[in-house]
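One structure is given here, and the rest of the page talks about it.
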Amino acid sequence: MELNRRHPWELTPVEAVALQRELRTEIIADRPINLSAVHLVAGVDVSVKHERSRAAVVIVTYPGFLVVEIATAERPTPFPYIPGLLSFREGPVLEEAFEKLKAEPDVFLFDGMGTAHPRRIGIASHMGLWLQRPTIGVGKTRLCGTNAPLAEEKGAHVPLVDRGETIGAVVRTRTATHPLFISPGHLADIPSAVDLVMGCSPKFRLPEPIRLAHNAAGAF
DNA sequence: GCGACAG
DNA sequence: ATCTTGTCGC
């Protein structure tokens with residue numbers, strides 16, 4: 001699909017942080033996603049094998065989770081893993097995979113953070129600017145922020161707060177399992193992000209689209 | 001200075 | 001993320 005707000009990826013860590021500070025002003029993280037209008041959801045994931053990175057984008061129907069399209073891309077890993085700069089490591093391969101996409105998903109689910117990031121621009125927010133479509137960050141572990149104790153039951157969720165600001169939610173998608181760190185990427189808000197993630201997690205801890213993308217990216 | 005730190 | 005066997009629990 002069409003990619004907007006492109007910019008070069010070849011940056012030093014210091015330049016990358018400066019770019020994040022510029023881009024963060026363009027992110028919209030207070031707009032609800034109309035769930036009743038969501039029919040196609042994309043799961044996005046990247047696996048790294050030595051010096052090579054492989055991206056997979058799996059589009060499924062919602063609800064139902066029937067696979068509609070799978071796009072993959074592979075290329076050299078261009079940037080080291082630095083907490084807070086994940087998009088500069090995974091962005092290049094994702095760009096290539098997104099360009100191959102024929103269908104246009106109503107929302108994208110990312111393996112990583114959205115606004116639940118030190119500078120409020122995790123990979124879901126960053127790529128959301130490129131895609132100009134609703135995106136949601138689904139993290140398996142915490143990058144920043146704190147939260148109150150969370151009930152063990154599926155569906156339980158509490159605010160994720162950083163420096164006095166609510167940046168997302170800690171959500172239990174399955175009873176008695178580690179929670180997920182959900183945050184809006186771009187063109188979404190916290191409540192609807194939580195609702196959609198719960199709606200995409202009928203059985204397992206990870207949302208169905210992300211599980212499928214994880215499998216597609218992991219099979220080198 | 002010290003601890004934390006998505007994937 | 002990746003390296004890896006068995007094992008606890010529904």
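Numbers restart at 1 for each chain; the letters A, B, ... are given by sequence-line order, proteins then strands.
- With respect to Arg172(A) and Glu153(A), no salt bridge is recorded, no charged nitrogen being found less than 4.0 Å from a carboxylate O.
- One can place CD1 of Ile82(A) at 18 Å from P of dA1(C), the figure rounded to the nearest angstrom.
- Between Ile167(A) atom CD1 and dC5(B) atom C1' there is a gap of 13 Å when expressed in whole angstrom units.
- Side-chain N/O atoms of His7(A) and His126(A) include a donor and acceptor closer than 3.5 Å.
- The stretch residues 124-147 of chain A comes close to DNA chain B through Gly139(A), Lys140(A), Thr141(A), Arg142(A), Leu143(A), each having a heavy atom under 4.0 Å from the strand.
- The phosphate of dA1(C) (OP1 or OP2) has a side-chain N or O of His214(A) nearer than 4.0 angstrom.
- The side-chain tip of Arg211(A) points at the ring of Phe204(A) from less than 6.0 angstrom away and within 45° of straight on.
- Here Phe181(A) does not lie in a stacked arrangement on the base of dA6(B), lacking the combination of planes under 30° and ring centres under 5.5 Å apart.
- Considering every non-hydrogen atom in both Phe79(A) and Phe88(A), the closest pair reads CB-O, 3.3 Å.
- Regarding His117(A), its NE2 atom lies at a distance of 14 Å from the C1' atom of dA4(B), rounded to whole Å.
- Separating the CZ atom in Arg5(A) from the CE atom in Met127(A) is a distance of 12.5 Å, to the nearest 0.5 Å.
- Across all strands shown, Ile121(A) has no heavy atoms under 4.0 Å from either base or sugar-phosphate atoms.
- Rounded to whole angstrom, the span from the CG atom of Asp162(A) across to the C1' atom of dA4(B) amounts to 11 Å.
- Residues His214(A) and Asp111(A) approach most closely at CD2-OD2, 4.3 Å, considering heavy atoms.
- Regarding Leu160(A), its CG atom lies at a distance of 12 Å from the C1' atom of dA6(B), rounded to whole Å.
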Both distances under 3.5 Å, Watson-Crick or G-U wobble: on that basis, could you give the dot-bracket string for DNA chain C, with [ ] for crossing pairs and | for other-strand partners?
-> ..........

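- The closest side-chain donor-acceptor pair between Thr77(A) and Ser53(A) falls under 3.5 angstrom.
- Going from atom NZ of Lys49(A) over to atom C1' of dA1(C) covers 10 Å, rounded to whole Å.
- In this structure, the CZ atom of Arg89(A) is 12 Å from the P atom of dA6(B), given to the nearest Å.
- Rounded to the nearest 0.5 angstrom, Met1(A) CE and Ile59(A) CD1 are separated by 8.5 Å.
- Rounded to a whole Å, the CZ atom of Arg174(A) is 15 Å from the P atom of dG9(C).
- No engagement by His50(A) is indicated, since no non-hydrogen atom pair under 4.0 Å with the nucleic acid exists.
- Side-chain contact check for Asp189(A) and Ser192(A): at least one donor-acceptor pair (N or O, by modelled atom type) lies under 3.5 Å.
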